Amino acid sequence: MNDLLKELYQEIILDHGQEPRNFGTCENHNKSADGHNPLCGDKVHLSFYLDENDIINDIKFSGEGCAISIASASLMTEKLKGMKLSEAQSIFNDFTKLVKGDADTLEILNDEDSLYALKGVEAFPMRVKCATLAWHTFKSAVENK
Amino acid sequence: MNDLLKELYQEIILDHGQEPRNFGTCENHNKSADGHNPLCGDKVHLSFYLDENDIINDIKFSGEGCAISIASASLMTEKLKGMKLSEAQSIFNDFTKLVKGDADTLEILNDEDSLYALKGVEAFPMRVKCATLAWHTFKSAVENK
Amino acid sequence: MINTSKIRKDFPILDKKILNQKDLIYFDTAASAQKPELVISEMDNFYRQNYSNVSRGIHTLSVESTFAFEEARVKVQKFINASSEKEIIFTKSATESINLIAQTFAEKNINEGDEIVLTTMEHHSNLIPWFLVRDKYKCTIKFADIDKNGHIDKEHFASLLNDKTKIVAITHLSNVFGTETNSEILKLCNDRNIPVLLDGCQSAAHLDIDVQKLGCDFYVFSGHKLYGPSGIGILYGKEEILEQLPPYQGGGGMIADVTLDSATFTGLPAKYEAGTPPIVEAFGLGVAIDYVTEIGMNNINNHETELTKTALNEMMDLDFVEIYGTSSDKNSIISFNLENIHSHEVASFLDVEGVAIRAGHHCCQPLMKKLNVNSTSRMSFGIYNTADEIKVFINAIKKCRDFFKK
Amino acid sequence: MINTSKIRKDFPILDKKILNQKDLIYFDTAASAQKPELVISEMDNFYRQNYSNVSRGIHTLSVESTFAFEEARVKVQKFINASSEKEIIFTKSATESINLIAQTFAEKNINEGDEIVLTTMEHHSNLIPWFLVRDKYKCTIKFADIDKNGHIDKEHFASLLNDKTKIVAITHLSNVFGTETNSEILKLCNDRNIPVLLDGCQSAAHLDIDVQKLGCDFYVFSGHKLYGPSGIGILYGKEEILEQLPPYQGGGGMIADVTLDSATFTGLPAKYEAGTPPIVEAFGLGVAIDYVTEIGMNNINNHETELTKTALNEMMDLDFVEIYGTSSDKNSIISFNLENIHSHEVASFLDVEGVAIRAGHHCCQPLMKKLNVNSTSRMSFGIYNTADEIKVFINAIKKCRDFFKK
Ligand SMILES: Cc1ncc(COP(=O)(O)O)c(C=O)c1O
Ligand SMILES: Cc1ncc(COP(=O)(O)O)c(C=O)c1O
């Protein structure tokens with residue numbers, strides 16, 4: 001089987017794609033947003049609770065989409081849970097670079113990180129939107145009042 | 001001087017272009033129309049009297065335009081004056097062919113005819129509209145109620 | 001039958017190796033067709049030898065460009081058998097053609113409470129222009145049902161037509177099902193004197209089109225799906241209707257006389273071609289029309305329906321493939337999903353195998369909702385495709401299933 | 001200074017012999033520019049190697065096309081120094097760009113009794129779109145006076161602005177006079193917070209454009225006048241304004257979500273690019289922008305104003321030539337008439353000499369009326385023109401005068 005595909009669909013991606021973690025809606029949330037990829041119709045709903053110290057407490061997502069978008073959303077929620085908002089935003093930047101093929105310029109993430117599983121996306125530029133859908137939704141949730 | 005230009009601007013064309021015959025409006029007319037070349041702004045007004053035997057009696061034109069369009073209008077009025085409408089319409093067809101380079105297929109006009117002076121237009125396809133402006137105006141006057 | 005191996009040599013892009021190794025198998029012609037050498041090189045040559053702006057100039061290049069441009073119009077006219085070249089308007093795309101008609105037709109003919117009839121399988125480009133009309137004129141849109149093969153339900157359709165129906169706008173060949181609209185549907189409209197717009201985006205490249213026989217009042221298509229260049233669309237409209245409609249865009253070339261207080265407009269087709277038109281694109285479309293006409297639309301149609309049958313039969317044998325519409329009158333387009341695999345995965349997987357297919361909603365979101373899917377994969381054929389390519393494809397989807405099963 | 005002899009080699013059409021004998025002297029760049037080899041061959045190559053539809057596909061060709069298309073957008077953005085690529089909309093022509101803004105801006109902002117300010121020298125493409133708005137919304141259009149050189153009368157212009165003025169739409173460089181609109185005119189609008197549309201059709205190829213410095217809210221131009229292909233236009237609009245305006249055309253690609261009852265639209269720029277866009281044309285325009293940027297807009301400007309001065313001086317010495325606008329800040333365009341000779345005769349005569357100029361009203365009928373002429377001849381320059389060509393031209397108009405005098 002082709003190496004690029006193996007890179008793209010690592011075990012962890014297929015796993016999270018089929019059995020996403022943190023799937024659902026947080027009962028107690030103060031931030032949420034809907035994300036949407038108009039090119040294919042994929043959708044994600046994200047909700048989380050940002051506490052008074054700007055820590056992301058509970059975070060969950062739901063939606064339909066391809067393995068990449070679902071796995072990415074699942075890995076994102078795992079990553080962000082318990083994290084400070086400002087740090088999450090830096091990771092947003094790093095992650096975007098990672099999937100676009102700019103891994104050399106990352107500031108926080110390193111190749112031990114679970115998010116690195118999505119590095120294979122760089123060889124499939126049209127899938128970048130799939131990989132970043134959840135992250136953009138996170139961003140709009142933050143910006144929503 | 002170039003032969004094509006000599007063909008286009010024969011003596012008779014320059015003459016009619018500068019001193020058009022039948023210039024003005026017929027006092028007594030029952031047919032008239034305005035013609036207009038939107039590409040350059042040239043204009044012609046044509047009026048004539050069609051008697052009960054379908055003979056074109058008096059016919060006059062006015063307007064502004066290039067030497068070709070004015071000369072063509074002038075020569076047309078000379079030609080059509082006193083002519084039966086049906087014959088005029090056949091000449092319309094012949095004339096159109098003549099300036100478009102189809103002189104071989106003419107039915108009435110022959111190379112003795114004064115209208116033949118406009119044969120040189122065939123080498124300047126963008127001037128066909130100039131040469132036929134008066135004729136199209138004639139046609140719409142006939143069609144006007 | 002057509003000589004595919006000869007035809008394939010006409011398409012330079014077919015020499016492409018995907019990821020430097022796999023032969024390109026282009027199964028995405030419904031999105032846009034590839035271009036034959038002839039179209040590419042004639043346009044190239046036109047820019048080198050004859051280019052200038054059209055219509056307004058007197059010099060040699062202007063003459064050459066203008067005549068080439070108008071000759072292309074006549075080629076289009078003959079290609080779809082319109083009765084006059086005045087009925088052929090050059091636009092930038094089929095989408096623009098539909099917007100043009102929607103806006104101008106509505107301005108003249110549609111009032112509050114009037115009705116427009118579409119179907120539930122229309123492409124967004126034949127939906128949204130009418131939604132914009134609906135918002136503006138407070139009219140109603142009714143949607144004809146379709147069956148699972150993409151055939152319009154004749155009885156339901158008939159029941160929608162009434163004295164308030166001002167226009168019907170429907171696809172001629174569905175870009176999801178590949179099925180052709182039955183002529184009886186048009187007949188129903190003709191009988192009631194209701195103008196019909198046919199969206200010919202998918203039919204122009206696959207069927208022998210005769211707009212007069214079809215009984216449509218408007219027919220639109222895009223050059224890029226007919227082996228022509230990007231940037232050019234066609235609007236065919238019956239002269240007596242177009243003449244009555246107001247102008248759409250204003251600008252140079254569509255003006256008879258202007259003062260600061262008012263303007264009068266020229267006749268057809270210039271009235272609807274404000275501004276410098278897509279000159280070389282129109283010329284290139286003319287070349288593409290020559291090219292397909294030479295091969296013969298009926299031969300093309302035979303070749304493509306044959307391929308479609310072959311693919312359909314093979315795919316129906318695979319239990320992990322769900323096909324949307326399996327009727328035997330399908331033409332050139334097959335939409336499908338692999339069990340439990342998102343269409344994106346299928347498309348990426350096939351891409352690596354060299355096979356270009358499309359994945360997504362195909363600009364038919366309402367239809368996707370109706371089919372109860374998020375997206376589908378779609379393969380579509382053109383004159384250059386072969387049965388061998390279908391074999392590679394079948395093999396590839398099997399591998400894809402295996403890859404994602406583990 | 002630029003190296004004209006090197007540049008001339010880049011333009012294949014300059015090898016053309018008119019009527020098989022005369023060297024082509026192309027003085028009609030204001031109508032449409034000729035194309036450099038690079039633009040022609042890169043587009044050719046794109047069709048051979050990378051073509052497919054954009055945005056919606058996942059396969060390799062779709063990726064290549066999409067990235068090339070979006071890269072072209074960024075090139076345009078940088079070329080005119082827009083602050084974001086979202087502000088760059090691909091249309092089919094400047095004419096369409098103006099119509100787009102006229103319709104959407106009016107829908108949102110213009111009501112009965114409101115005012116629009118234009119000038120008396122606007123091109124039909126910057127007149128008629130506003131006439132259509134005037135008819136629809138019963139607003140008023142006011143026309144700023146110009147002097148005999150084509151400079152807008154600043155006082156008169158200022159006197160037209162008031163609280164009812166909703167938008168100002170003016171040419172940046174007159175296609176008849178070749179004079180540039182003074183920045184003070186824009187300042188007057190900026191001071192009053194009145195949005196300004198600049199018609200950049202003639203300026204984009206001759207001036208170094210910075211839309212932010214210019215202080216315009218909209219800027220439009222056509223690719224074909226900037227050495228790019230036909231079939232592509234640009235609309236620049238400030239993001240915060242475009243975001244507020246309603247959609248123009250509806251269709252594929254500009255949709256977020258659709259049901260049969262309603263649709264939501266995507267953000268900029270897709271919102272204004274319904275349907276398959278002019279893909280290869282956008283790419284080709286990007287190549288053209290690279291080409292002129294490499295030469296340098298300031299160098300181009302110097303070269304062309306120099307040529308204009310040379311021609312103007314020579315022509316002013318000829319007593320049978322009437323020139324429209326003789327101010328020294330003319331750029332690239334000279335309109336004129338030969339005494340007692342209609343512009344058509346001049347154009348045909350020059351054509352036979354190999355010199356391509358334009359004759360007619362130049363889509364400026366109101367201006368022609370104001371100048372009290374039926375038509376004019378117009379010569380216009382591009383990067384490939386030379387002082388030697390001007391000599392041939394001067395000689396030719398002398399011969400023309402002689403020919404028609406006898
Ligand atoms: C000043 C001006 N505005 C608008 C236009 C219209 O441009 P286009 O025909 O490319 O839409 C032109 C060119 O003809 C022009 O010179
Ligand atoms: C059925 C149908 N209608 C309309 C369109 C829109 O065509 P275009 O994008 O060329 O305007 C398409 C193609 O995408 C189509 O398949």
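Here the structure is a predicted model, which is why all the values come from computation and not from measurement. Below, read A as the first sequence line, B as the second, and so on, with proteins coming before strands; counting in each chain starts at 1.
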Looking at Lys35(C) and Asp10(C), does any basic side-chain N land under 4.0 Å from a carboxylate oxygen? no
Would you please indicate if the ring centroids of Tyr272(C) and Tyr248(C) are separated by under 6.0 Å? no
Which atoms of Thr264(C) come close to chain B, meaning under 4.5 Å heavy atom to heavy atom: side chain ones, backbone ones, both, or neither? neither
Given that the side chain runs from C-beta out, which part of Ile58(C) has a heavy atom under 4.5 Å from chain B: side chain, backbone, both or neither? both
Check: Val196(C) main-chain N/O paired with Asp217(C) side-chain donor or acceptor under 3.5 Å: yes
Under 4.5 Å from any heavy atom of chain C - which part of Lys129(B): neither
I'd like to know if the side chain of Lys136(C) pairs up with that of Gln103(C) as donor and acceptor (distance under 3.5 Å, no hydrogens or angles considered). yes
